[in-house]
Amino acid sequence: KFTHLTLEAFQCIQNYFLMINEKDQLLTKHVIPAKSYGYTSYSNVSGPSYSNYSFTKKQEEKLEFKVHTHPGELKGINLFWKIILEASENEVVARSIDFLNKLYSQVSIESEPQATDVIASFINAFLDRLEEIEKSEKYNEEERAVMLNRMILLVKDMIDESEKRGTGGLKSHSALLKGDALILNITNNINTTNKTPKKFELRVFSNTTIWELKRIIGQKVEASAEVVRLISAGKELKENDNGKTLGELRIKNKSIMLASKKAMDDIPKETLMTSKKELTPKAYEIFNEWFDKYSADNKMTPSTCAEFVRSCTNDSCKPDDRRVIELFKSYD
């Protein structure tokens, strides 16, 4: 049983789980190094002299991974279901919920039916645990209540995780009514050109979700919604807020929002190749869409190529740019 599992012991189990599954090529992991930030602190500033000292604040490492098989086939995955139900330390339960949901959401998807299978398997595993909690005689009523509450947290976290890359056009009940009309003042720090203003107003309704707002801003500044980072009243709107509405987050009329570009580490990575070393259907679709947009008569010219580079890098690339010349010299 995992009743007395400590956070350190949980991290040990998690690392061992990742190690054995990576060894069997069932997943690949990528650790983003912690960033250090230097600070200078001053003391005795009110006296005739002052002294100072520097110190470094270090963030935690970020762990990313991609699962290359059905999550249910990962060795030891059932341990994390057990930890969620049995651990007594709240931080251990929270870490296990987060880790389990990422195992189901970070799967290399090669087709839409496969994505549906992964979601269905998560739901079936969830229902199996609910049935076990309900029917097992080894739990008393108080233990059952705690476990059911944790299962609710698990599903809520899974929904939040799934909405980080959009809501698929789905809306909550609270978003079905338009609500109040709002004017938002957007400061654009993503992409400023002659076509994309530094500041602009948006007229939306309070039932607009954060993901819809990111899409609207993305269209205005010629950027993907996935790279848009929003700050309102000095507070970042997190990715798991994507499914929430402006009304739910209490964003008021004439609010000022800063739109900036996500750091590269924060942009989700997608698998481009299948296990057969072929482009995934989604990657094929996106690359074709780019080509169609930046080509004429089924051909890319130096001018349209430069336009594509500008859209990606926000620099002043021109048809005679060295990168464009080298590209056409090598492949034309």
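Counting begins at 1 with the first residue of the sequence. Keep in mind that this is a model prediction, so the values were computed, not measured.
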* Taking everything shown except Gln11 itself, do over 12 heavy atoms lie less than 6.0 Å from its CD? -> yes
* First locate atom OG of Ser330, then atom CD1 of Ile325, and finally report the distance between them rounded to the nearest 0.5 Å. => 11.5 Å
* Structure fact -> Correct closest heavy-atom pair for Ala306 and Pro319 would be CB-N, 3.7 Å
* Salt bridge between Glu141 and Arg144, side-chain N to carboxylate O under 4.0 Å? -> yes
* **Hphob cluster co-occupancy, Ile183 + Ile231, side-chain heavy atoms under 4.5 angstrom** => no
* To do: Assess whether atom CG of Asp292 is packed by more than 12 heavy atoms of other residues, nucleotides or ligands within 6.0 Å.
  => yes
* Ignoring hydrogens and angles, tell me if any N or O in the side chain of Asp180 forms a donor-acceptor pair with the backbone of Ser206 under 3.5 Å. => no
* Side chains of Phe80 and Phe2: does their closest heavy-atom pair fall under 4.5 Å? -> no
* Does one hydrophobic cluster hold both Leu184 and Leu258, with members joined at side-chain heavy-atom distances below 4.5 Å? -> no
* Please answer whether the main-chain N or O of Asn185 pairs with a side-chain N or O of Lys199 as donor and acceptor at a distance below 3.5 Å. => no
* Asked: Heavy atoms, side chains only, cut-off 4.5 Å: are Ile210 and Thr245 in contact?
  -> no
* Asked: How about Glu143 and Leu85: do any of their side-chain heavy atoms sit closer than 4.5 Å?
  -> no
* **Test log, rule side chain to side chain contact (heavy atoms under 4.5 Å, CB included), inputs Glu236 and Arg229** => CA-CA 8 Å; Glu236 182 179 356; Arg229 177 174 173 259; 3.3 Å; yes
* Do the side chains of Phe308 and Thr304 get nearer than 4.5 Å, heavy atoms only? -> no
* Asked: Taking a hydrophobic cluster as the set of Ile, Leu, Val, Met, Phe, Trp and Tyr residues connected by side-chain heavy atoms closer than 4.5 Å, whether directly or through intermediates, do Ile123 and Val155 fall within one such cluster?
  -> yes
* Just say parallel, tilted or perpendicular for the rings of Trp81 and Phe122, cut-offs at 30° and 60°. => tilted
* With rounding to the nearest 0.5 Å, note down the distance linking OG in Ser224 to CD in Gln219. => 10.5 Å
* Would you find more than 12 non-hydrogen atoms of other residues, nucleotides or ligands less than 6.0 Å from Ile256 atom CD1? -> no
* Verify same cluster id: Met151, Val93 (apolar side-chain graph, 4.5 Å) -> yes
* Asked: Same cluster for Leu153 and Leu103 if Ile/Leu/Val/Met/Phe/Trp/Tyr side chains link at under 4.5 Å?
  -> yes
* Asked: Which is it for Glu91 and Arg95 under the salt bridge (charged side-chain N to carboxylate O under 4.0 Å, His left out) test, yes or no, and what are the steps along the way?
  -> CA-CA 6 Å; Glu91 180 66 17; Arg95 293 282 188 102; 2.9 Å; yes
* To do: Nearest 0.5 Å please: distance from the OH atom of Tyr294 over to the OG1 atom of Thr301.
  => 12.5 Å
* Could you tell me the separation between the CD1 atom of Ile286 and the OG1 atom of Thr280, rounded to the nearest 0.5 Å? => 7.5 Å
* **Beyond-backbone contact of Glu132 with Tyr139, side-chain heavy atoms, under 4.5 angstrom** => yes
* For Asp241 and Lys238, indicate whether the former's side chain and the latter's backbone hold a donor-acceptor pair under 3.5 Å. => yes
* To do: Taking the side chain as every heavy atom from C-beta outward, state whether Ile13 and Leu5 have any atom pair closer than 4.5 Å.
  => yes
* Structure fact -> Closest non-hydrogen atoms of Leu202 and Leu213, given as atom of the first, atom of the second and distance, are CD1-CD1, 3.9 Å
* Would you find more than 12 non-hydrogen atoms of other residues, nucleotides or ligands less than 6.0 Å from Tyr284 atom OH? -> no
* Asked: In Å and rounded to the nearest 0.5 Å, what is the SG to CZ distance from Cys305 to Arg310?
  -> 10.0 Å
* To do: Determine, step by step, whether Thr209 and Lys244 satisfy the side chain to side chain contact (heavy atoms under 4.5 Å, CB included) criterion, reporting the C-alpha distance in whole Å, the side-chain angles of both residues, the deciding distance to 0.1 Å, and the verdict.
  => CA-CA 5 Å; Thr209 65; Lys244 296 175 183 174; over 6 Å; no
* To do: Might you confirm whether atom NE2 of His70 has over 12 heavy atoms from other residues, nucleotides or ligands at distances under 6.0 Å?
  => yes
* Asked: Met257 versus Ile251: any side-chain heavy-atom pair under 4.5 Å?
  -> yes
* Asked: Is a side-chain N or O of Asn21 found less than 3.5 angstrom from the main chain of Leu26, in a donor-acceptor match?
  -> no
* Asked: Can you check whether Lys29's main-chain N or O pairs, donor with acceptor, with Glu22's side chain at less than 3.5 Å?
  -> yes
* How close do Ser260 and Ile190 get, heavy atom to heavy atom, and via which atoms? -> C-CG1, 3.4 Å
* Provide the closest heavy-atom pair for Leu27 versus Val67 in the form atom of the first, atom of the second, distance. => CB-CA, 4.0 Å
* **Contact check, side chains of Val107 and Lys66, non-hydrogen atoms, under 4.5 Å** => no
* Counting distance only, does the side-chain N/O of Glu86 pair as donor-acceptor with the main-chain N or O of Lys1 below 3.5 Å? -> no
* **Where Leu130 and Leu148 come nearest, the two heavy atoms and their spacing** => CD2-CD2, 3.6 Å
* Would you call the rings of Phe99 and Phe17 parallel, tilted or perpendicular if under 30° counts as parallel and over 60° as perpendicular? -> perpendicular
* Looking at Ala225 and Arg215, what are the two nearest heavy atoms and their distance? -> CB-CG, 3.7 Å
* Report, as yes or no, whether the 6.0 Å neighbourhood of atom CD on Glu142 holds more than 12 heavy atoms from other residues, nucleotides or ligands. => no
* Asked: Does the distance from a Lys or Arg side-chain N to an Asp or Glu carboxylate O, for Asp297 and Lys299, drop under 4.0 Å?
  -> no
* Could you walk me through whether Arg323 and Asp321 pass the salt bridge (charged side-chain N to carboxylate O under 4.0 Å, His left out) check? -> CA-CA 5 Å; Arg323 293 167 294 178; Asp321 188 285; 3.0 Å; yes
* Asked: What distance separates Lys293 NZ from Met300 CE, expressed to the nearest 0.5 Å?
  -> 11.0 Å
* For Phe291, look at atom CZ and say whether over 12 heavy atoms of other residues, nucleotides or ligands are found less than 6.0 Å away. => yes
